[in-house]
2 protein chains.
Amino acid sequence: MTVSRVLRNRGDVSEATRERVLEAARSLGYVPNKIAGALASQRVNLVGVIIPSLSNMVFPEVLTGISDTLEDTGLQPVVGVTNYSPEREEAVIYEMLSWRPSGMIVAGLEHTDASRAMLAQAGIPTVEIMDIDGTAIDSAVGISHRRAGRQMAEAIIAAGYRRIAFCGTMMPYDHRAKKRLAGFEEALAKAGLTLADREFYSGGSALLKGREMTEAVLKRTPDVDFLYYSNDMIGAGGLLWCLEKGIDVPGKIGLAGFNGVELLDGLPRRLATMDACRLEIGRRAAEIIAGKHEGVIGGEVIELTPTLQPGDTIRR
Amino acid sequence: MTVSRVLRNRGDVSEATRERVLEAARSLGYVPNKIAGALASQRVNLVGVIIPSLSNMVFPEVLTGISDTLEDTGLQPVVGVTNYSPEREEAVIYEMLSWRPSGMIVAGLEHTDASRAMLAQAGIPTVEIMDIDGTAIDSAVGISHRRAGRQMAEAIIAAGYRRIAFCGTMMPYDHRAKKRLAGFEEALAKAGLTLADREFYSGGSALLKGREMTEAVLKRTPDVDFLYYSNDMIGAGGLLWCLEKGIDVPGKIGLAGFNGVELLDGLPRRLATMDACRLEIGRRAAEIIAGKHEGVIGGEVIELTPTLQPGDTIRR
DNA sequence: ATGAAAGCGCTAACAC
DNA sequence: GTGTTAGCGCTTTCAT
């Protein structure tokens, strides 16, 4: 009826009735029922966002980008967390799709077959984010982690390091870290090198783990002259440890991480890293959803290019 | 019809038909429409969670607690971010309530009148988290920040420090930081002391800001012998700066932060801090919602007691 | 400019 | 154990 028109600023309503309705709504503390509205209109202003974790600052940052961009489109993000489990992801996707959102943003390109099928059949825009090394269901926004790893290896080799070791997470489902390492080793191989050592961890304080892993590697393989970390937090831990031990960085040992986290700005020395374009990825993904919303069709793949920040932990 | 019964494991359905329905659903890639279901059943498995920010690791951690606990209750968190703006919070609450969630979890006790009214009238359990210094709408789970500030001040004074300064955020709506400072100053006053200096910041890398503020304070008020930071990140920045400058910590200057963040474990020295019980708060809040769901009524206020971790940056 | 009526896709209650 | 029916609170379309 008329009330509905007023509340949605639709159709012609006289100023008088309009005022009356608004007043009544306010005094009654009326909150419309979107469930009924959505059912009737077949329109839902929700966007499902699925990420592996909230403990890793990377994802809250992507979320911030999404949230900021969506803010003035009338769309609302709904977040689901998978804990890096494909089965959990499948369940969360199912759950979200059952609310018939206007779009989905999902981290990564690796999903169960069922997940891919559901997303493909949902009839809504889907954006896979963070990674572009693989096949997208619909749209994708991210960087090539393979290339990022390769690039870092090339920079390290160019700087003259030869005994290079790797420290990273053990998580079997962190596909992006895995791709970075693959690209890294690929570039090493091309230069006739192989990893001098490698160390993995899971759980705990990343900064502390970085220290421990660094110590372990250097004890086991004392002639290592470079440590490549799968993320900045463990890299920062390694850096602090080296500085404390009085090790010459980057003279005797060079260090590099990945992500370009803000935290690094406050460290005694700037760790070499690579920006993962997190905010930008979030923004672009949200823009695609918001745009599709207006009628565009067809998947697009956007590759962002991370910049290598040499910092002060690679010799020049 | 029967299909509905199967999909929800309700009522008696023969194994045969059950199988048939399930099979059909699977092959059709059928995803039920929760919108229609919710409208018909007047039940929604969603819990609204409203927090000020995702950039501050504190909130993702609370979310993790909520998410973990809700996981096996069939309830799903839906996150809204306010950026510390009461108006935005009001809008987000309105938006969420319009989806008729089973419960709401909202950070803090300070809200606009309209927000409070909406939550009070929604007829669903509401849990205000993080803080208990004030009046709750329904239930609340948190710590007394006022008391936390007081306790830290008492410990500092007991350790013999007398020229005490404060460094913190400038955010006018960070009520909890404000309460900690109030409690802190209250305890100082009781000992006949006042803050020797104070410095505020907003935005940027917290670690870096911690360094800058520490330097600024010590330059302006060289006889300061203790720095109380409103959070651990800036405290960590201050600690790193002091260590680099060769300042005797905690001999010449003592330091303390707040939150008990994991990061501190990897620092060269353990910053004194106070655990804010973030995970526990998330868990308890989720439990209240999940419990109410089952029929209990009446608001309860749960005060958690943070423990002071003296670390290595307070003299003993 | 306003009202009336027909669903949206489910669930709940009841019949069979 | 299975089918039938009447809504849930809106939006949409069509009349007035």
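Quick note on labels: first sequence line is chain A, next is B, and so on, each numbered from 1.
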Enquirer: Of E15(B) and A40(B), whose closest DNA chain D nucleotide lies nearer the 5' terminus?
Expert: E15(B)

Enquirer: NZ of K34(A) versus C1' of dG9(C): gap in Å, rounded?
Expert: 20 Å

Enquirer: Is any side-chain N or O of Y30(A) closer than 4.0 Å to OP1 or OP2 of dC10(D)?
Expert: yes

Enquirer: Are any of the side-chain heavy atoms of Y84(B) and I51(B) separated by less than 4.5 Å?
Expert: no

Enquirer: Choosing from dT11(D), dG9(D), dG9(C), which nucleotide comes nearest the side chain of A36(A)?
Expert: dG9(D)

Enquirer: May I have the distance from W99(B) (atom CH2) to dC8(D) (atom C1'), rounded to whole angstrom?
Expert: 14 Å

Enquirer: Whole angstroms only, please: what is the CG-P distance between L97(A) and dG9(C)?
Expert: 16 Å

Enquirer: Can you give each donor-acceptor pair under 3.5 Å made by side-chain atoms of residues 128-138 of chain B, sequence neighbours left out, with the distance rounded to 0.1 Å?
Expert:
| unit_1 | atom_1 | unit_2 | atom_2 | d |
| --- | --- | --- | --- | --- |
| E128(B) | OE1 | I137(B) | N | 2.6 |
| E128(B) | OE2 | H111(B) | NE2 | 2.8 |
| D131(B) | OD1 | D133(B) | N | 3.0 |
| D131(B) | OD2 | K179(B) | NZ | 2.4 |
| D133(B) | OD1 | S144(B) | OG | 3.0 |
| D133(B) | OD2 | S144(B) | OG | 3.2 |
| D133(B) | OD2 | H145(B) | N | 3.1 |
| D133(B) | OD2 | R146(B) | N | 3.0 |
| D138(B) | OD1 | G299(B) | N | 3.4 |
| D138(B) | OD2 | T126(B) | N | 2.9 |

Enquirer: For dT2(D), take OP1 and OP2 only and decide whether either is under 4.0 Å from a side-chain N or O of T17(B).
Expert: yes

Enquirer: From dG9(C), dG7(C), dA1(C), pick the nucleotide closest to the side chain of S14(A)?
Expert: dA1(C)

Enquirer: Produce the list of close N/O pairs, under 3.5 Å, pairing protein atoms with atoms of nucleotides 14-16 of chain D; give distances to one decimal.
Expert:
none

Enquirer: Give the rounded distance in Å between these two atoms: CD1 of I35(A) and P of dT11(D).
Expert: 13 Å

Enquirer: Under a 4.5 Å cut-off applied to non-hydrogen side-chain atoms, are R176(A) and P52(A) in contact?
Expert: yes

Enquirer: Looking only at the side chain of S4(A) (C-beta and beyond, no hydrogens), which of the listed nucleotides dG1(D), dG9(D), dT11(D) gets closest?
Expert: dT11(D)

Enquirer: Rounding to an integer number of Å, can you tell me how far Q42(B) CD sits from dG9(C) P?
Expert: 18 Å

Enquirer: Please pick, from dT12(D), dG9(D), dC10(C), the nucleotide with the shortest atom-to-atom distance to any side-chain atom of S41(A).
Expert: dT12(D)

Enquirer: Examine dT12(D): is either OP1 or OP2 under 4.0 Å from a nitrogen or oxygen in the side chain of R43(A)? Give yes or no.
Expert: yes

Enquirer: I need the CG-C1' distance between N45(B) and dC10(C), as an integer number of Å.
Expert: 15 Å

Enquirer: To the nearest Å, how far apart are R18(A) CZ and dT2(C) C1'?
Expert: 15 Å

Enquirer: Report yes if some heavy atom in the side chain of W99(A) is under 4.5 Å from a heavy atom in the side chain of N33(B); otherwise report no.
Expert: no

Enquirer: Specify the separation, in whole Å, of atom CZ of R100(B) and atom P of dC8(D).
Expert: 14 Å

Enquirer: Distance from R88(B) atom CZ to I50(B) atom CD1, nearest 0.5 Å?
Expert: 10.0 Å

Enquirer: Side chains of E95(B) and N45(A) only: does a donor on one sit below 3.5 Å from an acceptor on the other?
Expert: yes

Enquirer: Less than 4.0 Å between a side-chain N and a carboxylate O, is that true for R283(A) and E280(A)?
Expert: yes

